[in-house]
Structures are given as structure tokens and as C-alpha cells.
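Just so it is clear, the structure is predicted and the values come from calculations on it, not from any experiment. Just so you know, ligand 1 is whichever comes first in the structure, and atom 1 is the first atom listed for that ligand.
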Amino acid sequence: MEEEALVYVERGKLRQLFKEKLTRAGLPDAQAEKTADLMIFADERGIHSHGSVRMQYYAERIAKKGYNLDPDLKFTKTGPSAGTYFGDNAVGHYVAYEAMEEAIGLAKSSGIGMVGIQEMGHSGAIGYFAEQAAKQGMVALTVCQSDPMVVPFGGTEPYFGTNPIAFASPRKNGEPILFDMATTVQAWGKILDARSKHKSIPNTWAVDKQGEPTTDPFEVAALLPVAGPKGYGLMMMVDILAGTLLGLPFGKHVTSMYEDLSQYRRLGQFHIVINPAYFGDETQFLTQVSDMVDELHDIEPAKGFDQVYYPGEIQEEVKKRYAESGIPVAQDIYDYLISDEIY
Ligand code: NAI
């Protein structure tokens, strides 16, 4: 497959291009700011599945009113450590950020904060929200629904989404540890990224219409769960926390991302925030997480590896590299970003 040309764009400029396109499509300012932040968070860490590659989709959905552009967001505290956040089908990046601030508030005052978000749009690279809490000294876990595009282990029809899980922990010195994964071998956005760059994919990621493994991203009909029945079990756990627990559509009833861009998605997300001060000596905890990272770094790398990384470390290194080189964007996406076109 012939690879698409790349343009390297400075972070601030790319964020501005994101913000301008979102605003031009009709997204109110505060929501456009947060969505641009999330997209840059992804692209600058090399999580290209959730950066510029999604812009045309978001812009079209905004323009077609597939998001509520004038939402009535509402947090309801339902217990000392629990609450629900009604997202009113606004853009998910903004809703999940605001809901995480509520969960952090609960954890600060009561040790734990659990907030279930009901009815929102797609929220992007969800590691952002776990890191948001870790930057305030909290340990956090967040999970969300995604549209059905994964065959359950042993099945032939898609049922669950790529239902991601993100976990972050602060530590004494350095950036938080950030583990952020789709419960599939790869996120759907990685297929989109491969399509945009005209790159083939490994044959372990996805299957075609016949259920056969494929290396052509344009032939992908469904994704595979990570580690077979284990990934399948995790995606079910996510759907129970972020869907059924909150009274939302679940499994194959979750709306499709791409089918009708004028319809609301009605997605759910679940934030769990833990205040380390309530579970032991906070200073000792932060030191021990740092010690853990140091000890992992000291482990002799296996053949073919240059070192042992902590989760999120590779993305931190990419971020440093892109700060020098600029962030790579496929040429046709860059042309779209600098144009007046919406869709
Ligand atoms: P990935 O497979 O690139 O990385 C998963 C995790 O493994 C990361 O925490 C990464 O730091 C860690 N990792 C990777 N290589 C490592 C190594 N050599 N040593 C140590 N740790 C390593 O991520 P994936 O699964 O492709 O997900 C990409 C993004 O897609 C995530 O940000 C996720 O939140 C997002 N996503 C969002 C969805 C949504 O509906 N909002 C749906 C699915 C995924």
C-alpha cells in the first residue's frame, strides 16, 4: 500500500486549527476548547487514533446537530461518594471533563468519588480524564462505552464496543503513570489512522466480512478482543459499569458512531477517583509508586527490547520528540484543517 505524505505541525498551531474547525462547525467556545485539548493530548502522544484523524467526523456531526450544542448539564449527588452526571448529549470530551471535576471533588471530601455519566457524545482518548485526576493527586479509573464493532470471543457478529479502560496514578517525581487501552487488540481509530496513511495493518487486529483476519484496513468489518476471552470479559465489565448501571443502551443497542450523524449517541462513562490520603500515608504511597517505576527501569530488557517502560512512558517520549519535530498529520487531513470546508 502506498503511504500518504505527512505534514509536521507545531503543537500550538495544530491545537488552534482544531479549535477553529470545531468553532466553525458550530461548537460553542468552551466545548471547542476542551475538545481541542483532548485531540492534542492524543496526537502529541502518538495516539493518532484520537487526534486529527477524527476532525472531519466531529465537524460533520456538530454541523448536523448530532451533538446537543446547547446542553443542560446536570450533576446530581446521590450519596456521600456517588453521583450521576447528565451530559444531555453534548460533546463527550467536555462532559467527561466536567464530570471528572465532580468525581475529584467527591474524592477530596469523602475519600472516593464515583460519577456515572449518562447521555453524552464520544469522549476521545479517555486517558486524559484519568490523568486529570492524577494531576490533582488522585488515583483514577475511567471506562466508557463505544459502538458495537467487536466480535465476542467465539462469535461471528459484533456485539460490544472497543470499550476502553484508563487508569492513572500520581507518583513522587515525574509524570503520572497512565495506562490507557481499548479492550480490543487495537482501537478502531488505529484502523482509521492506517486508512488515512494508506498503511496495512497486522493480521491480528481485525476480521473482514467473512470473519477472516485481514491486513487491509479498508476491508475491516469487525475488531477482535484483546487476549481472547479476557478482553471480551473486560469489555463486558466496562459496558455494565458505563451502560446498564446507568440505565443506558448496552451491547449491540449502543448507537453507531458513523451511521446517522444527526442522531444523539446516548453514551455512558464511569469515573472512579480514589484519594490516597484515605488509604494510608500519602507521601509513602507516592514514593513507593516512584520506587516501583525505578525498579521496573532497572530490569534487564529482554532480547529485542531497549528497556522496560511504565504504562504511558512511551507516549511521554513521543510527546518530547514531537515537541522538537512537530506533530505528524496526514497531508489530506492537514489540507482539510486549513480549509473552510466542514464536510
Ligand atoms: P495502545 O495499545 O497504544 O496502548 C495501551 C497501553 O499500553 C498504554 O497505556 C501504553 O502506554 C501501554 N504500552 C504500550 N506499549 C508499551 C510498552 N512497550 N511498555 C509498557 N507499556 C506500553 O492503546 P490502544 O489500546 O490502541 O488505545 C488507544 C486510545 O484509544 C486510548 O487513548 C483509548 O482511550 C482510546 N479509545 C477510546 C475509545 C472511545 O470510545 N472513547 C474507544 C477505544 C479506545
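Given atom 27 (O) of ligand 1, the protein heavy atom at minimum distance is Ala182 N, 3.7 Å. Protein heavy atom at the shortest distance from atom 38 (C) of ligand 1 is Pro164 CG, 3.4 Å. Considering only non-hydrogen protein atoms, atom 42 (C) of ligand 1 sits nearest to Thr162 OG1, 3.1 Å. Taking atom 10 (C) of ligand 1 as the reference point, the nearest protein heavy-atom neighbour is Gln315 OE1, 3.5 Å. The protein heavy-atom contact nearest to atom 3 (O) of ligand 1 is Lys190 NZ, 3.2 Å. At the top of the distance list for atom 8 (C) of ligand 1, counting protein heavy atoms only, stands Asp180 O, 3.5 Å. Looking from atom 41 (N) of ligand 1 to the surrounding protein, the closest heavy atom is Gly124 O, 2.8 Å. For atom 15 (N) of ligand 1, the nearest protein heavy atom (residue, atom name, distance) is Ile314 CD1, 3.9 Å.
Nearest heavy atom pair, residue Thr162 against residue Trp188, reads CG2-N, 4.2 Å. The two residues Ala140 and Ala133 have their closest heavy-atom pair at CB-CB, 3.5 Å.
At least one heavy atom of Gly312 sits under 4.0 Å from some atom of ligand 1. Residue Leu178 places a heavy atom less than 4.0 Å from ligand 1.
Closer than 4.0 Å to atom 13 (N) of ligand 1 lies none of the heavy atoms of the protein. Distance remark: protein heavy atom present below 4.0 angstrom from atom 29 (C) of ligand 1. Distance check for atom 44 (C) of ligand 1: a protein heavy atom is found below 4.0 Å. For atom 17 (C) of ligand 1, the nearest protein heavy atom is under 4.0 Å away.
Contact annotation: for Glu313 versus ligand 1, there are no heavy atoms closer than 4.0 Å. By the criterion of a heavy-atom distance under 4.0 Å, the side chain of Ile47, and not its backbone, is placed next to ligand 1. Neither the backbone nor the side chain of Ala166 has a heavy atom within less than 4.0 Å of ligand 1.
Under a 4.0 Å N-O distance rule, the pair Asp29/Lys19 qualifies as a salt bridge. A salt bridge does not link Lys319 with Glu175: every distance from a Lys NZ or Arg NE/NH1/NH2 to an Asp or Glu carboxylate oxygen is 4.0 Å or more. Checked for salt-bridge contact, Glu316 and Lys320 miss the test: no charged N lies under 4.0 Å from a carboxylate O. With respect to the salt-bridge test (charged N to carboxylate O, under 4.0 angstrom), the residues Glu341 and Arg24 do not qualify.
Counting only heavy atoms from C-beta outward, the side chains of Ile112 and Tyr278 never approach each other to under 4.5 Å. The closest side-chain heavy-atom distance from Leu296 to Tyr309 is not below 4.5 Å.
With Tyr336 as the aromatic partner, Lys21 meets the cation-pi criteria of under 6.0 angstrom to the ring centre and within 45 degrees of the ring axis.
Residue-ligand proximity, Ser146 to ligand 1, at heavy-atom distances under 4.0 Å covers atoms 40 (O). Of all the atoms in ligand 1, the ones that sit under 4.0 Å from a non-hydrogen atom of Ile126 are 34 (O). Residue contact check: Ala125 has heavy atoms under 4.0 Å from atoms 32 (O), 34 (O) of ligand 1. Shown in contact with Met181 at under 4.0 Å from a heavy atom are these atoms of ligand 1, numbered in order with element: 5 (C), 25 (O).
Considering backbone and side-chain atoms alike, Tyr310 places every N or O at 3.5 Å or more from each N or O of ligand 1.
Among Gln186, His50, His122, the residue whose heavy atom lies closest to atom 36 (N) of ligand 1 is His50.
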Tell me, with the steps shown, if Gln132 and His271 meet side-chain hydrogen bond (donor to acceptor under 3.5 Å, both in side chains). CA-CA 11 Å; Gln132 177 185 342; His271 293 325; over 6 Å; no
Worked check of side-chain contact (heavy atoms from CB on, under 4.5 Å) between Tyr334 and Leu17: CA-CA 9 Å; Tyr334 183 73; Leu17 288 173; 3.9 Å; yes
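At most 12 heavy atoms of other shown residues, nucleotides or ligands fall within 6.0 angstrom of atom CG in Asp70. Within 6.0 Å of the CE atom in Met237, the count of heavy atoms belonging to other residues, nucleotides or ligands exceeds 12. Atom CZ of Phe279 is surrounded by more than 12 heavy atoms from other residues, nucleotides or ligands within 6.0 Å.
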